Protein chains: 2
Amino acid sequence: MPKHVDHDVRRAEIAEALVRVAGRRGLHAVGMRDVAAEAGVSLRLVQYYFQTKEKLLLHGLHHLARGFGERVTARVVAIGDDPGPRAVIEALLMAALPTDEESRRFHLLYTSYAVLAVTDESLAAQPFIDNPNAAEDTVAGLLQKAKDAGLTGPDVDARTEAISLLAMSAGLGTGVLVGQRGPESAADVLGHHLDRIFQDGRDG
Amino acid sequence: MPKHVDHDVRRAEIAEALVRVAGRRGLHAVGMRDVAAEAGVSLRLVQYYFQTKEKLLLHGLHHLARGFGERVTARVVAIGDDPGPRAVIEALLMAALPTDEESRRFHLLYTSYAVLAVTDESLAAQPFIDNPNAAEDTVAGLLQKAKDAGLTGPDVDARTEAISLLAMSAGLGTGVLVGQRGPESAADVLGHHLDRIFQDGRDG
DNA sequence: ACCATCATGGTACGGTCGTATCACCAAGGA
DNA sequence: TCCTTGGTGATACGACCGTACCATGATGGT
């Protein structure tokens, strides 16, 4: 067997190119030729590693989700050793806001994919259920831990507050994306609600 | 002058057709031929009343926003004479949730348009700033009135809570749209936060 | 050393999309 | 009455898109 190129690496490169060009011109406007040009390869190559556009888009979604997960993890790790639940939740929520180019791209494309998934049955809607649910479980778990440790008021419902915070983060993110408000304003609103939840305890 | 057809009526009919077919198959998937077929007219007619697709889409957005405004107004009016601020806010927020086919369509298409506006400079981003701002002002005004009347705790910030509620409503709406949660769950979460805001007062 | 095979390039094909063009009808003012 | 003009239909055009097909290096196992 000749040449032996790592297909996974190549596919990741092409998926990266898809995400880049889609972030610039919009997911609806990207064709396979655009992706090929962005990746610096020929159209045939894109066809070779992904047989069809549908598979390319699907892979792009997974690539996007994976990259975002890594981003969030990195943010959480970066806040230091044994941080309080509030710091972790804050890092989680802030990472989801479109503050820099990467998060902006993520928010735009993830929303585009979600919209596509509603009408196109070829694009599975499952990632848009599972991923948010996982995030919800994580935040709810952290809140419950905080509540058990007495860091929050006794009347907070961890699950409800987790849902609220994530929904707010998503909604505020869209507002930032379309230019309705700045990232600082969104962060302030989130911070206000974290203050409310953690008002009875102290945090590190 | 012959025939005398009311252009505004015709354009509204075609815009309605655009919204219907886009709600079914996704905004990205609709062409002028689809709109013509849905409206029961020829392609030429769509071209005649809207010269270009860009203008058709723009008119569709305005049509959508106007229809939604009327829907919200109707909901608010329907709750009876001189309702309390909480009831009005609740009606506002609930009307935005994708509960029936019409609100589902609105949420899907408005999100699609917003995503388009981010990358396509032809589609003005202004509606996605002005409309949310107007909603925000309305809710903030109602909250302030409630606070002045002693219906809320003295520590609630009307503007921040208005932003939060609308962002939550939008985020929850998306969650309902993609099937992550049911409309009842979203309504519960919103109700929980309204309870919190109005916890110190009584409402009618 | 050879050849099966992975990897890659170039290009053509069918379809669709937005838009433009040509033709026709109908009606009301001169 | 006739002719100007608004409304409508059918169809053509050029561009682009996703996909398929054909050709050809390059390479490693035997």
Side-chain angles (χ1 to χ4, degrees), chain A residues 1-22 24-61 109 112-113 116-117 119-123, chain B residues 1-22 24-61 109 112-113 116-117 119-123:
Chain A
M1 283 99 181
K3 250 303 193 44
H4 225 130
V5 175
D6 189 330
H7 278 217
D8 289 336
V9 170
R10 265 271 202 265
R11 282 159 56 117
E13 286 173 6
I14 296 177
E16 246 305 290
L18 163 65
V19 168
R20 275 202 309 271
V21 67
R24 236 183 299 124
R25 280 184 267 178
L27 188 61
H28 69 287
V30 306
M32 312 206 70
R33 287 168 176 82
D34 302 288
V35 175
E38 178 76 20
V41 300
S42 73
L43 169 63
R44 181 65 181 85
L45 259 286
V46 180
Q47 282 190 259
Y48 183 71
Y49 290 103
F50 307 91
Q51 292 74 36
T52 175
K53 188 185 185 182
E54 181 185 319
K55 292 183 184 174
L56 171 62
L57 287 178
L58 218 53
H59 197 90
L61 171 59
L109 294 185
S112 302
Y113 271 114
L116 280 188
T119 47
D120 294 14
E121 66 280 358
S122 65
L123 221 63
Chain B
M1 282 101 182
K3 257 299 194 56
H4 162 198
V5 174
D6 190 330
H7 278 218
D8 289 336
V9 171
R10 267 268 203 269
R11 282 157 59 112
E13 286 173 5
I14 297 177
E16 245 307 287
L18 163 64
V19 168
R20 274 201 310 270
V21 67
R24 238 183 298 124
R25 280 184 268 179
L27 188 60
H28 69 285
V30 307
M32 311 206 68
R33 287 167 176 84
D34 303 288
V35 175
E38 178 77 20
V41 301
S42 72
L43 168 61
R44 180 67 181 84
L45 260 286
V46 181
Q47 281 190 261
Y48 183 72
Y49 290 102
F50 306 91
Q51 293 73 37
T52 175
K53 188 185 184 181
E54 180 185 321
K55 292 182 184 174
L56 171 61
L57 287 179
L58 218 53
H59 197 90
L61 172 58
L109 294 185
S112 302
Y113 272 114
L116 278 188
T119 47
D120 293 16
E121 66 278 359
S122 65
L123 222 64

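Computed from a prediction, not measured in an experiment: that's the story for all the values here. Side chains included, hydrogens not; waters and symmetry mates left out as well; all remaining heavy atoms used.
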Legend entry - First of A/G40 and A/R33 reached from the 5' end of DNA chain C, by closest nucleotide: A/G40
Inset, instruction - Would you kindly give the CZ-to-P distance between A/F50 and C/dT8, to the nearest whole Å? - result: 13 Å
Inset, instruction - Taking all heavy atoms of B/A29 and all of B/D34, pick out the closest pair and write down the distance. - result: O-OD2, 3.9 Å
Inset, instruction - Could you pull out the closest heavy-atom pair between B/G60 and B/L18, with the gap in Å? - result: CA-CD2, 3.7 Å
Inset, instruction - Measure distances between side-chain N and O atoms of B/R44 and base N and O atoms of D/dG7, and say whether any donor-acceptor pair falls under 3.5 Å. - result: no
Inset, instruction - Nearest whole angstrom, please: distance from the C1' of D/dT5 to the OH of B/Y48. - result: 9 Å
Inset, instruction - Please state whether the phosphate of D/dG18, meaning OP1 or OP2, lies under 4.0 angstrom from any side-chain nitrogen or oxygen of A/T52. - result: no
Inset, instruction - Establish, with yes or no, whether the OP1 or OP2 oxygen of C/dC6 is under 4.0 angstrom from a side-chain nitrogen or oxygen of A/R10. - result: no
Inset, instruction - Rounded to the nearest angstrom, tell me the gap between atom CD in B/Q47 and atom P in C/dC17. - result: 13 Å
Legend entry - Exercise: identify the closest heavy-atom pair between B/H7 and B/Y48: CE1-CE2, 4.1 Å
Legend entry - Separation of D/dG18 P from A/E54 CD (nearest whole Å): 13 Å
Inset, instruction - Could you check how far CG of A/L45 sits from P of C/dG10, rounded to whole Å? - result: 10 Å
Legend entry - Criterion salt bridge (charged side-chain N to carboxylate O under 4.0 Å, His left out) against A/E38, the qualifying member of A/R33, A/R25, A/R24: A/R24
Legend entry - Atom-to-atom span, CD of B/Q51 to C1' of C/dG18 - whole angstrom: 14 Å
Legend entry - Nucleotide nearest A/S42 when distance is taken to its side chain, options C/dG9, D/dC17, C/dT8: C/dG9
Legend entry - Touch class at under 4.0 angstrom, heavy-atom based, for B/Y49 against every strand present: sugar-phosphate
Legend entry - Nucleotide D/dG18, atom P - distance to NE2 of B/H28 in whole Å: 12 Å
Inset, instruction - Let me know the distance between CG of A/L43 and P of D/dC22, rounded to the nearest Å. - result: 17 Å
Inset, instruction - Please check the phosphate of C/dC6 (OP1 and OP2 only) for any side-chain N or O of A/H7 closer than 4.0 Å. - result: no
Legend entry - Nearest heavy-atom neighbours spanning A/Y113 and A/L57: OH-O, 2.8 Å
